[in-house]
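Predicted model only: the values in this text are computed from it and were never measured. By convention in this document, chain letters (A, B, ...) are assigned in the order of the sequence lines, proteins followed by strands, and residues within each chain are numbered from 1.
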Number of protein chains: 4
Amino acid sequence: MKNSREKILKAAVAVFSRRGFHQAQVEEIAKKAGVGKGTIYLYFPNKAMLFSAAVSEGLEEIMAALQSELQSDVPFTEHFHILIRTSVTLYLKHGDLSKILINELTSGIGPAAMKEIEAVRERFIGFIAGVLEQGSRDGYIKPMDFRLAAAGIVGLMDSLCRFHFQSRGAVDSAQIAETMHAILSNGLLAK
Amino acid sequence: MKNSREKILKAAVAVFSRRGFHQAQVEEIAKKAGVGKGTIYLYFPNKAMLFSAAVSEGLEEIMAALQSELQSDVPFTEHFHILIRTSVTLYLKHGDLSKILINELTSGIGPAAMKEIEAVRERFIGFIAGVLEQGSRDGYIKPMDFRLAAAGIVGLMDSLCRFHFQSRGAVDSAQIAETMHAILSNGLLAK
Amino acid sequence: MKNSREKILKAAVAVFSRRGFHQAQVEEIAKKAGVGKGTIYLYFPNKAMLFSAAVSEGLEEIMAALQSELQSDVPFTEHFHILIRTSVTLYLKHGDLSKILINELTSGIGPAAMKEIEAVRERFIGFIAGVLEQGSRDGYIKPMDFRLAAAGIVGLMDSLCRFHFQSRGAVDSAQIAETMHAILSNGLLAK
Amino acid sequence: MKNSREKILKAAVAVFSRRGFHQAQVEEIAKKAGVGKGTIYLYFPNKAMLFSAAVSEGLEEIMAALQSELQSDVPFTEHFHILIRTSVTLYLKHGDLSKILINELTSGIGPAAMKEIEAVRERFIGFIAGVLEQGSRDGYIKPMDFRLAAAGIVGLMDSLCRFHFQSRGAVDSAQIAETMHAILSNGLLAK
DNA sequence: CATGAATGAGCTTTCATTCAT
DNA sequence: AATGAATGAAAGCTCATTCAT
């Protein structure tokens, strides 16, 4: 049996993503985690901090997974494709998280937790910008404002993934990855 | 002096976008609109419906503005560029709205209002998909899943605009339009 | 067309009896009376006073009708019977009123209106006590505390009439009058 | 120290009877019970249900007390007298309750709670009707519509007890019991 | 470490009342 | 005399947080 902190975090991600920050009730998280309400306050100072911890640790996992993917040694063009596919897969798998990350950023979470979350988002965007920059140094990516582009990519991915969730299976992971790849590699214009 | 309904809607957009749906207080909206709290309930049945009305009517304006832009008769390549620039400008100008549109979609607004908002988002995505499809018929845009692409474009724009708002002026409207244009026309890959 | 004051009073009786004092809304009364909300405040200082006026004037009518009945000159035993039948009929006809009179006496109407209503009830009880006293002087009614008995009679009638309203026709006016007459003339005990 | 539920119910009976359903404030009940406002909602889903619980449980007590009185084995005539005296005593003792039971039946309490209360009143009337029916079988009570008569008795008692409360001591318990007994045993008519 | 009964600040919403027309 | 748009006090209810056990 995992320890309480883990169980709480896992339950928190699930509940927050389903309901959003304000609609989520601490009690439901406690119940889902199989602990008492009070126990949550043993590990997290308040709801907002629990929220940012949930987001933070989840995203950290995604980044670690992507990072390890980056180690492999294949030609860039293929690498680029794989990277996108992996991102989409991870993003959809951690769908809960992504919904949170996108939807709750201005929902009045309180300044402290807010800062935490923006920092996480920053780190995520920075991570992607880093990948782009490396690709650029190796001559595969056009020079550009990498952070801006990275922010755009995150938004693109979010939006496509939301489409997936809302389409209830009509649009699958592969289609999303292909659309992303198509747009990001060559744009929309016919040659 | 504008009529009350207008004043309330305007104030609502401002407050909702700053605070998010749940954090926004009806009282603050009333104060900002310069009307009594009760007056709001004369025009809107409840907070959620006020919210969806605010989003809805704002977005309608944006679409109308874009629509009129589309009438002009210039070569497509240039048109494409202009369209993106106009979109970004409008989006930034109605920044309040865009933040709402993106951030509040799952925040537990109540089913009725929720449906309204999703419908608006749908309409917006559909509108963009229509533009892409027309471009494709004329041979300027690659064939693809236009609705998916449109969803992606909205996400891309959102994310870049948010970057603008958070950078507090470090990234300007032109840069965002250029980045969008660069990505959407040719993608990220160096040739 | 009756004048506004009349129309308002009539509508007030109808609405108050259907909904009770607190549930009744001034707007509904105005609508039913076919006047503007503001007009009501031209004739009555506030909701509570409108309420007590409605009760008061209605009860006054009942008493007037009973009074005229009392003038007739028939043997007391028959008179007693007729009186009860007439009372029940009137009470049921003015059912709205009776419900109000019974149900709203402690509902927190505000001290001023409250006093008015209690005064009306007093007057009604006094009226019946007077009838009993006269009957006693004529040797038809046992000596007793007439006001107390009158209060009891009003309660008895109320309760039976409510039974009528709730039974939705299963118990008719005649049955109620007979039961009242049976109890009041000889009591419940078998000889 | 009694448990919270008990304390709340007791306070509720007191406050509801003094103010009536609508005028009664949950906060005042909480204060009187010596608990926090929220605690009330731990035990009762809403104000209306608290109300019906208060009425219900109080009346149940009265019926239990009367029931035990009925077990005793004395001649019926005396029994009848005793029963009325006991009823009046109980009714006056639980005066709060009786006021509620009579006054609030149409005050717009909400359908669910309303039904509960009507059911309680039904049960009470049914209980008395049962007593009458038994007396009739034993030959002491005239045959009649027992439920109708029972409803009348409740109304009679109510009204007399209200008289007691309003007379501020001028009319005592014994007088009321005697008046009831006089009316119910032999009626008002002189022989 | 763990709990959940208890709390009360804070929210939305209603509706009697006013007053400019 | 008549109106009804506007008001804001007032109240029920929720839920994050605490703390005695």
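When each of A/Tyr43 and C/Lys37 is assigned the nucleotide of DNA chain E bearing its nearest heavy atom, the one mapping closer to the 5' terminus is A/Tyr43. Nearer to the 5' terminus of DNA chain E, by closest-nucleotide assignment, is the contact made by A/Leu42 (compared with the other of B/Ala48 and A/Leu42). DNA chain F is contacted by both D/Gly38 and A/Pro45; D/Gly38 maps to the nucleotide lying nearer its 5′ end (nearest heavy atom per residue).
Here B/Glu116 contributes atom CD and B/Met49 contributes atom CE; the two are 5.5 Å apart, rounded to the nearest 0.5 Å. Rounding to the nearest 0.5 angstrom, the gap separating the NZ atom in B/Lys7 from the NZ atom in B/Lys10 is 12.0 Å. Atom CD in D/Gln166 sits 11.5 Å away from atom SG in D/Cys161 (nearest 0.5 Å). Rounded to the nearest 0.5 angstrom, C/Ser56 OG and C/Phe51 CZ are separated by 11.0 Å.
By the 4.5 Å heavy-atom criterion applied to side chains, A/Leu9 and A/Tyr43 are not counted as neighbours. Proximity of C/Val120 to C/Arg123: side-chain heavy atoms (C-beta onward) are separated by under 4.5 Å at one or more points. Within the 4.5 Å cutoff, the side chain of A/Tyr91 has heavy atoms near those of the A/Asp158 side chain. Between A/Phe16 and A/Leu50, some side-chain heavy-atom pair lies under the 4.5 Å cut-off.
Rounded to a whole Å, the CZ atom of D/Phe51 is 16 Å from the C1' atom of F/dG12. Atoms OH (B/Tyr41) and C1' (F/dG4) sit 21 Å apart, rounded to a whole Å. What separates CE of A/Met49 from P of F/dA16 is a distance of 17 Å, to the nearest Å. In this structure, CZ of D/Phe16 is placed 13 Å from C1' of F/dA11, rounded to the nearest angstrom.
Listed by chain and residue number, D/Arg147 satisfy the salt bridge (charged side-chain N to carboxylate O under 4.0 Å, His left out) test with D/Glu122 (two or more places apart in sequence, or in another chain). For B/Glu61, the salt bridge (charged side-chain N to carboxylate O under 4.0 Å, His left out) test picks out no residue, with sequence neighbours left out.
Side-chain atoms of A/Gln25 lie closest to F/dA16 of the nucleotides F/dA9, F/dA16, F/dA11.
Contact annotation: A/Lys47 side-chain N/O to F/dA16 OP1/OP2 distance is under 4.0 Å.
With a heavy-atom cut-off of 4.0 Å to chain A, the contacted part of DNA chain E has its first and last nucleotide at E/dC1 to E/dA6.
Nucleic acid contact for B/Phe44: none, since no nucleic acid atom lies under 4.0 Å from a heavy atom of the residue. Counting any heavy atom pair closer than 4.0 Å across all strands shown, C/Ala24 reaches sugar-phosphate atoms only and no base atom.
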Check: residues 27-40 of chain A side-chain donor-acceptor pairs under 3.5 Å, at least two apart:
residue	atom	partner	partner atom	Å
A/Glu28	OE1	A/Arg19	NE	2.9
A/Glu28	OE2	A/Arg19	NH2	3.0
A/Thr39	OG1	A/Gly36	O	3.3

Which dot-bracket string describes DNA chain F (Watson-Crick N1-N3 plus N6-O4 or O6-N4, or G-U N1-O2 and O6-N3, all under 3.5 Å; [ ] crossing; | other strand)?
-> .||||||||||||||||||||
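For DNA chain F, the residues of residues 26-35 of chain B within the heavy-atom distance limit of 4.0 Å (strictly under) are B/Val35, sorted by number.
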